[in-house]
There are 2 protein chains.
Amino acid sequence: MEQRQALETIRNGILSKNLLTIFGDCAVEYVGRATSILPSGKRLIIIKGDNSISIHQNRLVKPTNYMVKSRFSVQEKGNQFILTAKKDKPIETLTITFDSVDDINSYDLELTDDLRLAGSERDLNDLLMQDLSMIEPGLKPLNQQQEFGKGIADIVAEDKNGNPVVIELKRREADYACVSQLQRYMRQIAKLKGKNPRGILLAPSIRPKAREMLEELNLEFAVLDFVLKPSSVEKACITGLQKKQTTITEHWHKK
Amino acid sequence: MEQRQALETIRNGILSKNLLTIFGDCAVEYVGRATSILPSGKRLIIIKGDNSISIHQNRLVKPTNYMVKSRFSVQEKGNQFILTAKKDKPIETLTITFDSVDDINSYDLELTDDLRLAGSERDLNDLLMQDLSMIEPGLKPLNQQQEFGKGIADIVAEDKNGNPVVIELKRREADYACVSQLQRYMRQIAKLKGKNPRGILLAPSIRPKAREMLEELNLEFAVLDFVLKPSSVEKACITGLQKKQTTITEHWHKK
DNA sequence: GCTGGGAGAGGCTTA
DNA sequence: TAAGCCTTTCCCAGC
């Protein structure tokens, strides 16, 4: 492909906020949060209307290199031409040096985001707030996303005995990090209120060792059982949310 | 673009492990770890030789929908044709229904990964192990990536007084999660050894409230100052790693 | 295969 | 803008 024309197509594509794909032989250098070099080779470059750029090899969903909200510049340099993407905060530079370009496509596309997704943690949270008794009889919601000075608790509730309960909700298997998160909220509340509330980690499952940690910290785990029902016509929705089991580490309370 | 030909190109592209780009009008439905619907519209689909697929709109580096290690199937359905990607564990289905295809490109590409990146945490870790005195005079390395039954500590060392020191290294600004991680290692070691070692969080910076938490937990913070030097010819490297400051919360020790 | 953890994480929401 | 946190996180290394 003729270089002059390639440059022109790229410049116009960027200006018109088209989705640009460039396939060609190029080397890539990145300097910013880290440093990387990609030796010369055939790659697919995608430039989008929101000034994001990504460089793809023929494997992995994730691009080899990328940058969001970049400022682009294109310049010739002998038989090569150089596409540069820059960004501040932090300072980042992505330099793509093309030896040759095989193919450029410029697609006129809206910058919309039409995806409708269901089953995110926020969806489950909203569902739960309608009926916490699924977790435990008599459990009443007090607040959602409550700020505690050291983070934000998903759900704050009150059990049938009037004890405050902090609930951390996860849509997937809980790990150490989830337990730590709950632990952090608990610590902070204890510090502020001078009293230890109950803490419940609510997730589809929990890794065994994370559960050990949870129990050592005198926290509770409850199984979150939900079903995602795809509706091909209207929208995706959640059909069920059912508590299967609550593990209250009674031996700890007794200790 | 003629449908029959489109199908053939796609089938061949997948079989030959080419990098395929398909631009066309399509609707997408995903059912798996979550559920999502993307109404009909122009999109760019990328299929790679490692059987990963991603669907891109004209914004964001991240694809709208994606799947790794998928099994593909293509079939006609009247004036439409349907590209399906499936996966087990967990069961996931991605269904792309094309109303029309404007453009298909099939690029013959190796499945290699040529990126050379420097400045990752592992790089810094290796550098640090050579000389921990940058953090504190007399600090001697004992182990790297040591398993403790509740996770893996980055560096275990011994200070000039013979006290064990656990060091958690982060290449970027430390947050709550980093502090929690160190806290977890400390807890476990205290439980196993019956003695409290020192814990040092080593990072370029730390968020103010994370630092509060750190100090409340009687942990220490040290600034990790490193420079990434891009070498345009050979490889990227790190030129410096210098301790600027160690903040030991003396008032806590005295308390 | 499971576990643990990093990532140039990206991206979103709210204060 | 920064803080906080979720993500169909993705991806890799170790066992």
Side-chain angles (χ1 to χ4, degrees), chain A residues 28 30-36 50 52 54-55 59-69 87 89-94 113 115 117-125 145 147-154 168-173 175-178 181 184-185 207-210 228 236, chain B residues 28 30-36 50 52 54-55 59-69 85 87 89-94 113 115 117-125 145 147-154 168-173 175-178 181 184-185 207-210 228 230 236:
Chain A
V28 183
Y30 166 76
V31 179
R33 284 174 289 184
T35 288
S36 77
D50 65 346
S52 61
S54 49
I55 295 152
R59 59 188 293 268
L60 303 187
V61 166
K62 285 206 155 187
T64 313
N65 288 101
Y66 53 87
M67 191 176 292
V68 298
K69 298 176 199 164
K87 191 182 186 300
K89 283 178 293 182
I91 295 174
E92 292 178 288
T93 308
L94 188 64
D113 178 17
L115 189 76
L117 186 135
S120 65
E121 189 190 292
R122 186 51 193 261
D123 290 336
L124 299 179
N125 202 319
Q145 308 298 323
E147 161 73 43
F148 273 115
K150 284 280 189 304
I152 301 158
D154 281 336
E168 178 59 31
L169 172 64
K170 292 295 166 189
R171 68 179 308 286
R172 52 182 185 138
E173 184 168 58
D175 55 16
Y176 290 137
C178 304
Q181 207 178 332
R184 167 157 50 94
Y185 303 149
R207 294 201 185 190
K209 292 211 278 186
L228 298 173
Chain B
V28 183
Y30 166 75
V31 180
R33 285 173 290 181
T35 287
S36 77
D50 65 346
S52 61
S54 48
I55 295 152
R59 60 188 291 270
L60 305 186
V61 165
K62 289 202 161 188
T64 311
N65 289 99
Y66 53 86
M67 190 177 292
V68 298
K69 297 175 199 165
K87 190 182 186 299
K89 283 174 288 184
I91 295 175
E92 293 178 289
T93 308
L94 188 63
D113 179 17
L115 189 75
L117 187 135
S120 65
E121 190 188 294
R122 187 52 195 258
D123 290 336
L124 299 179
N125 203 321
Q145 307 298 324
E147 161 72 44
F148 273 115
K150 285 281 187 307
I152 300 158
D154 280 337
E168 178 59 30
L169 172 64
K170 293 294 168 188
R171 65 180 310 286
R172 52 183 183 137
E173 186 170 55
D175 55 18
Y176 288 137
C178 304
Q181 205 179 335
R184 167 159 48 95
Y185 303 149
R207 292 199 190 193
K209 291 213 277 189
L228 297 172

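Every chain is numbered from 1, with letters handed out A, B, ... down the list of sequences.
- Nearest heavy atoms, R171(A) versus S120(A): NE-CA, 4.0 Å.
- Put simply, R171(B) has no side-chain N or O that comes within less than 4.0 Å of OP1 or OP2 on dG5(C).
- Distance, K69(B) NZ to dG1(C) P: 8 Å, rounded to whole Å.
- Comparing the same atom, C1', in dT7(D) and in dC11(D) gives a spacing of 14 Å after rounding to whole Å.
- Of all heavy-atom pairs spanning Q145(B) and I152(B), the tightest one is C-CG2, 3.3 Å.
- Using a 4.0 Å cut-off, some side-chain N or O of K170(B) falls inside it from OP1 or OP2 of dG6(C).
- Close to dC12(C), at under 4.0 Å from its OP1 or OP2, lies a side-chain N or O of R59(B).
- For the pair D113(A) CG and dG10(C) P, the interatomic distance rounds to 18 Å; values are reported in whole Å.
- Between R207(A) and dG5(C), a side-chain N or O to OP1/OP2 separation shorter than 4.0 Å is absent.
- Between Y176(A) and K209(A), the closest side-chain pair of non-hydrogen atoms falls below 4.5 Å.
- Put simply, the side chain of N65(B) and the base of dT8(D) share a donor and an acceptor less than 3.5 Å apart.
- In this structure, Y176(B) does not pack face-to-face on the six-membered ring of dG4(D), missing the 5.5 Å centre cutoff or the 30° plane limit.
- Comparing R33(A) and P208(A) by the nucleotide of DNA chain C whose heavy atom lies nearest to each, the residue mapping closer to the 5' end is P208(A).
- Put simply, Y66(B) has no side-chain N or O that comes within less than 4.0 Å of OP1 or OP2 on dC11(D).
- No contact: E173(B) has no heavy atom under 4.0 Å from any strand.
- Between L169(A) and E121(A), the shortest heavy-atom distance links the atoms O-OE1, 3.0 Å.
- Contact annotation: Q181(A) reaches the phosphate of dC6(D) (side-chain N/O to OP1 or OP2, under 4.0 Å).
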**Request:** Decide side chain to side chain contact (heavy atoms under 4.5 Å, CB included) for V31(B) and E92(B); before the verdict, give the C-alpha distance in whole Å, the side-chain angles of both, and the deciding distance to 0.1 Å.
**Result:** CA-CA 6 Å; V31(B) 180; E92(B) 293 178 289; over 6 Å; no

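- You'll find a donor-acceptor pair under 3.5 Å spanning the side chain of R172(B) and the base of dA9(C), going by distance alone.
- Below the 3.5 angstrom threshold, one finds a donor paired with an acceptor across the side chain of E92(A) and the base of dG8(C).
- G151(A) comes within 4.0 angstrom of sugar-phosphate atoms only, judged by non-hydrogen atoms across all strands, and of no base.
- Taking atom P on both nucleotides, dG8(C) is separated from dG4(C) by 23 Å, rounded to a whole Å.
- Using a 4.0 Å heavy-atom criterion, one finds that T64(B) contacts the bases of the nucleic acid, with or without backbone contacts as well.
- Here K209(A) reaches the OP1 or OP2 of dG4(C): one of its side-chain N or O atoms lies under 4.0 Å away.
- OP1 or OP2 of dG1(C) sits under 4.0 Å from a side-chain N or O of K89(B).
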